[in-house]
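Protein chains get the first letters and strands the later ones, always in sequence-line order, with residue 1 at the start of each. Remember, predicted model here, so these are calculated numbers, not experimental data.
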2 protein chains.
Amino acid sequence: MTHVQPNLSFEKPFTTVDIVIFSVQDNKLKVLLVKRPSNASEPYPNQWALVGGFVDVQLDADLEATARRKLFEKTHVKTAYLEQIGSWGNATRDPRGWSTTHVYFSMLAMNHAEQLKSGANAQDVQWFDVVENGVQTALAFDHAHLLAVAIERLRNKVEYTSLPAFLMPTLFTLKELQSTFEAVLARPLERSAFRTRILATDLLEATPHFKTAANRPAQLYQLKSNLQPVYFQRTFNPIK
Amino acid sequence: MTHVQPNLSFEKPFTTVDIVIFSVQDNKLKVLLVKRPSNASEPYPNQWALVGGFVDVQLDADLEATARRKLFEKTHVKTAYLEQIGSWGNATRDPRGWSTTHVYFSMLAMNHAEQLKSGANAQDVQWFDVVENGVQTALAFDHAHLLAVAIERLRNKVEYTSLPAFLMPTLFTLKELQSTFEAVLARPLERSAFRTRILATDLLEATPHFKTAANRPAQLYQLKSNLQPVYFQRTFNPIK
DNA sequence: AAAATAGTGTCTCTTAGACACTATTCC
DNA sequence: GGAATAGTGTCTAAGAGACACTATTTT
């Protein structure tokens, strides 16, 4: 199909992508933030912000490509769970003009998150504790709001999916998985019900390995399929 | 805060908004589509498409304003349930260049949907039956895909929310509400369980009116709060 | 043996499904 | 009274919470 180049010379909004990168370390939910450049001609200089940036129509085939590019730039992680949580756009969120952002959230496995700590530009990229619905730092743009929505969405989804499994290292015990769920949800879960629920799904497989400590060793498990969460559905049941 | 106008002269994607407008008529799930202009310099002339268009940075304060503006232009409905389902963007979905769309879905109450039928530009705006995951017509752009996602999201959400209540006229019976749920889900539900579930929530209030027919009259109900769905949550319960 | 945590079993509670039974209207 | 659908009640099944009991390791 060929088309004449149309007269679409009206003003276009800026198009950006932001990624809320979650991880659990020391049983605490964390989010990765970057420091904005100190250049005073940039908005919000030196403030912390979500990982993100402009869509590059030359580089990026689609929005997810922008997200993965930004994710890789800051974390050097190529494959991670990535899910879009929505988009926002208005005239005032960016002082440079009408702008839109397509927001994703990502879950980094602990081992990947650990690597980062000792990585390069460590001052500019940092993990922040999630407290309630945000972090205890002012964020650039409307990022505090975007983060709050991401946290809410994450917690909501963890109620009925196996998402936190993506935060685990390769081998882990059921107790460790439960602790991760609890860190995300910010509330304790009942041990027996948790085990039953998780083991009833096709999510994990037991390995021949055990984690030893000053007590009975715990079975080590690993994820079965790698990047799709399991849904615990308890809704209307289909009629037989 | 003041900023110098930055050097952001790189190419920007087009920014559009599309709305998937649902309704249930004659116990069938319907979606509202519009016919693209016949002007051959426009992409997909004369094809059916979702309601939508470009963000107008002069007119629209935010993306939802664009959505409501487009919704009103085609339906003359000012208030309707409106929810964003995500955004899409890539280099190829629009032949005019890299474009993004922010997709919303909306639910029109039956009485509003009825009005439309006899409205103006009736040839250009039409209700289509939803069959499986789409309509039996080719759609412009990637709209068939967007529609499929919207239908899936709708069905998914109806499993654990009261969304179909927004499709009802002011007064309705429980049987009618159940039929609407069934139309959306495309499967039958059990009568007793449905009644128990709905009445257990704070969604409806009984009115003094009854719907009479050639049998026992049915109580007429109306929605309590107007634009927020009720969630039937059955997940991890909080520990006491 | 004591401490500590892993793992299991059992009872209860809640909610949905199945299905029968009662209620109320029109004809 | 018969037909038809509204509305209720009762039993069962499944899964989660509560919680105790057993199992296996280190010290």
Chemist: Which residues satisfy the side-chain hydrogen bond (donor to acceptor under 3.5 Å, both in side chains) test with B:Gln222, sequence neighbours excluded?
Modeler: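 For B:Gln222, the residues satisfying side-chain hydrogen bond (donor to acceptor under 3.5 Å, both in side chains) (neighbours in sequence not counted) are B:Glu205.
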Chemist: What is the distance, rounded to the nearest whole Å, between atom CG of B:Leu199 and atom C1' of D:dG9?
Modeler: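 Between C1' of D:dG9 and CG of B:Leu199: 15 Å.
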Chemist: In whole Å, what is the span from the CZ atom of A:Phe181 to the C1' atom of D:dA16?
Modeler: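 It works out to 15 Å between those atoms.
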Chemist: For residues 104-113 of chain B, which residue pairs pass the salt bridge (charged side-chain N to carboxylate O under 4.0 Å, His left out) check, not counting sequence neighbours?
Modeler: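 Listed by first then second residue: nothing to list.
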Chemist: Rounded to whole Å, please give me the gap between CD in A:Glu190 and P in D:dG15.
Modeler: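 That distance rounds to 17 Å.
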Chemist: Could you tell me which residues satisfy side-chain hydrogen bond (donor to acceptor under 3.5 Å, both in side chains) with B:Asp129, sequence neighbours excluded, listed by chain and number?
Modeler: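 B:Asp129 satisfies side-chain hydrogen bond (donor to acceptor under 3.5 Å, both in side chains) with B:Lys30 once adjacent residues are dropped.
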Chemist: Reckon A:Ser192 touches a base, only the sugar-phosphate, or nothing at all at heavy-atom distances under 4.0 Å?
Modeler: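 Counting heavy atoms under 4.0 Å across all strands, the contact made by A:Ser192 includes a base.
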Chemist: Answer yes or no: does a side-chain N or O of A:Arg195 lie under 4.0 Å from OP1 or OP2 of C:dA6?
Modeler: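 So the side chain of A:Arg195 is outside the cut-off, no N or O lying under 4.0 Å from OP1 or OP2 of C:dA6.
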Chemist: Would you mind listing every salt bridge (charged side-chain N to carboxylate O under 4.0 Å, His left out) that reaches into residues 138-150 of chain B, with sequence neighbours excluded?
Modeler: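 Found B:Arg93-B:Asp142.
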Chemist: Under the side-chain hydrogen bond (donor to acceptor under 3.5 Å, both in side chains) test, which residues partner B:Gln178, sequence neighbours left out?
Modeler: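 B:Glu182.
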Chemist: Without decimals, in angstroms, what is the distance between B:Phe172 CZ and D:dA6 P?
Modeler: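 After rounding, the gap between these two atoms is 15 Å.
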Chemist: Could you check which residues of residues 205-221 of chain B get a heavy atom under 4.0 Å from DNA chain D? Sort them by number, please.
Modeler: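 Under 4.0 Å from DNA chain D: B:Asn215, B:Arg216, B:Pro217, B:Ala218, B:Gln219.
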Chemist: What I want to find out is whether A:Glu73 reaches A:Arg69 closely enough, with some N-O distance under 4.0 Å, to be called a salt bridge.
Modeler: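 Result for this pair is yes, salt bridge flagged.
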Chemist: Given atom CZ of A:Arg197 and atom P of D:dA18, what is their separation to the nearest angstrom?
Modeler: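 Atom CZ in A:Arg197 sits about 14 Å away from atom P in D:dA18.
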Chemist: Measure CD1/A:Ile198 against P/D:dA16 and give the value in whole Å, please.
Modeler: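 For the pair A:Ile198 CD1 and D:dA16 P, the rounded distance is 10 Å.
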Chemist: Roughly, in whole Å, what's the span from CZ in A:Phe194 to P in C:dT5?
Modeler: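 Those two atoms, CZ and P, are 18 Å apart.
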Chemist: Mind calculating the distance between CZ (B:Arg191) and C1' (C:dA18) to the nearest angstrom?
Modeler: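 Result: 12 Å.
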